[in-house]
There are 2 protein chains.
Amino acid sequence: MVTKQLRDLPENADLRRADSLAREIFSDVANKWALLIIEALGERTLRFSEVRDEVEGVSHKMLTQNLRMLERNGLVDRKVHPTVPPRVEYTLTEPGRALRATVDAICGWTHRYLGHIEAARGRFDE
Amino acid sequence: MVTKQLRDLPENADLRRADSLAREIFSDVANKWALLIIEALGERTLRFSEVRDEVEGVSHKMLTQNLRMLERNGLVDRKVHPTVPPRVEYTLTEPGRALRATVDAICGWTHRYLGHIEAARGRFDE
DNA sequence: CAGCATCCCACAAGATACTG
DNA sequence: CAGTATCTTGTGGGATGCTG
């Protein structure tokens with residue numbers, strides 16, 4: 001995201017476009033389900049129902065929506081096998097795997113600071 | 001987060017507690033506004049209104065809520081100056097700064113793959 | 001099995017107004 | 001200026017049912 005000062009200069013129309021696109025992508029990606037799905041996929045190829053089982057608490061609908069969104073942004077590859085019953089497999093693409101690295105970092109952060117955070121909550125909630 | 005197999009064994013009650021706590025924290029933190037606020041704070045100390053100006057599009061209410069949440073989890077430090085008019089300053093704590101590093105990574109990722117993503121969207125939307 | 005459509009409710013979040 | 005409270009609305013997201 002670019003700085004506020006740049007944002008309003010007319011001559012930087014393309015920068016502003018890139019910026020708004022970046023915000024859009026950020027909003028797409030910075031949400032709980034999307035990140036958990038990416039984390040669940042990891043290096044593996046999973047069927048729809050397998051992803052559902054991996055991502056605890058996700059509803060059928062949320063899963064479909066987020067998988068579509070991730071597919072649209074080119075983060076997951078969706079492969080439909082024309083069999084009966086249908087078999088649909090999802091795999092992270094290269095950009096998806098790159099993002100997963102940062103999700104891993106967040107997970108690592110979470111575990112690292114679990115104690116800190118629990119303590120902070122205790123203090124705050126008193 | 002631990003694996004599914006562990007999750008249901010009674011003897012792993014503390015592991016399960018840690019896991020549910022981790023999920024809770026992840027849900028708190030993996031949301032657009034929280035991440036944008038953390039990014040906006042960076043290394044600086046900002047007043048409430050300054051954060052509002054930095055984080056484009058955030059409403060007064062969302063900002064207060066998220067700042068409270070971040071404070072509760074010990075990611076930001078809130079300092080109230082008992083002056084008239086009041087002056088309230090927010091600063092990232094050490095855990096907060098550590099998380100910011102990962103937010104930076106996401107921002108970096110966004111810019112790095114902007115082109116890929118735009119192209120993928122074009123293909124998908126056809 | 002996976003996906004889509006429909007219905008519906010709860011809650012997220014905006015707008016507004018009032019206080020220290 | 002920052003925060004809280006109240007009211008209202010839009011929409012996220014669950015439940016259900018139908019199709020290829």
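Just so we're on the same page: letters track the sequence lines, and every chain starts at 1.
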**Request:** Whole angstrom is fine here: how far is it from CZ in R47(B) over to P in dC1(D)?
**Result:** 7 Å
**Message:** Measure CZ/R52(A) against P/dG14(D) and give the value in whole Å, please.
**Reply:** 13 Å
**Prompt:** Could E71(B) and R123(A) be called an ion pair, given the rule that one side-chain N must be under 4.0 Å from one carboxylate O?
**Reply:** no
**Message:** For the CD1 atom of I25(B) and the SG atom of C107(A), what is their distance to the nearest 0.5 Å?
**Reply:** 11.5 Å
**Message:** Could you check whether any side-chain heavy atom of V58(B) comes within less than 4.5 Å of a side-chain heavy atom of K32(B), counting everything from C-beta outward?
**Reply:** no
**For atom CG of N31(A) and atom P of dT11(D), their distance in whole Å** = 17 Å
**Prompt:** Whole Å only: how far is the CD atom of E50(A) from the P atom of dC1(C)?
**Reply:** 11 Å
**Message:** Measure CG/N66(A) against P/dA2(C) and give the value in whole Å, please.
**Reply:** 17 Å
**Fill in**
Only one of V55(A), I106(A), D104(A) passes side-chain contact (heavy atoms from CB on, under 4.5 Å) with E39(A), and that residue is D104(A)
**Nearest-Å distance for atom pair NE2/C1', residues H81(B) and dG3(D)** = 17 Å
**Message:** I'd like to know if R121(B) and D28(A) make a salt bridge, using a cut-off of under 4.0 Å between side-chain N and carboxylate O.
**Reply:** yes
**Asked** For the helix from dC1(C)-dG20(D) to dG20(C)-dC1(D), how many degrees between its two end axes (five pairs per end), to the nearest 10°?
**Response** 40°
**Complete:** The ring-ring contact (aromatic ring centres under 6.0 Å, His included) partners of W109(A) (sequence neighbours excluded) come to Y113(A)
**Message:** Check E43(A) with R100(A), please: is the shortest side-chain N to carboxylate O separation under 4.0 Å?
**Reply:** yes
**Prompt:** Can you find a heavy atom in the side chain of D125(A) that is under 4.5 Å from one in the side chain of R72(B)?
**Reply:** yes
**Message:** Can you build the contact string for nucleotides 3-20 of chain C? Use B for base contact, S for sugar-phosphate-only contact, and - for no protein heavy atom under 4.0 Å.
**Reply:** BS--------BB-----B
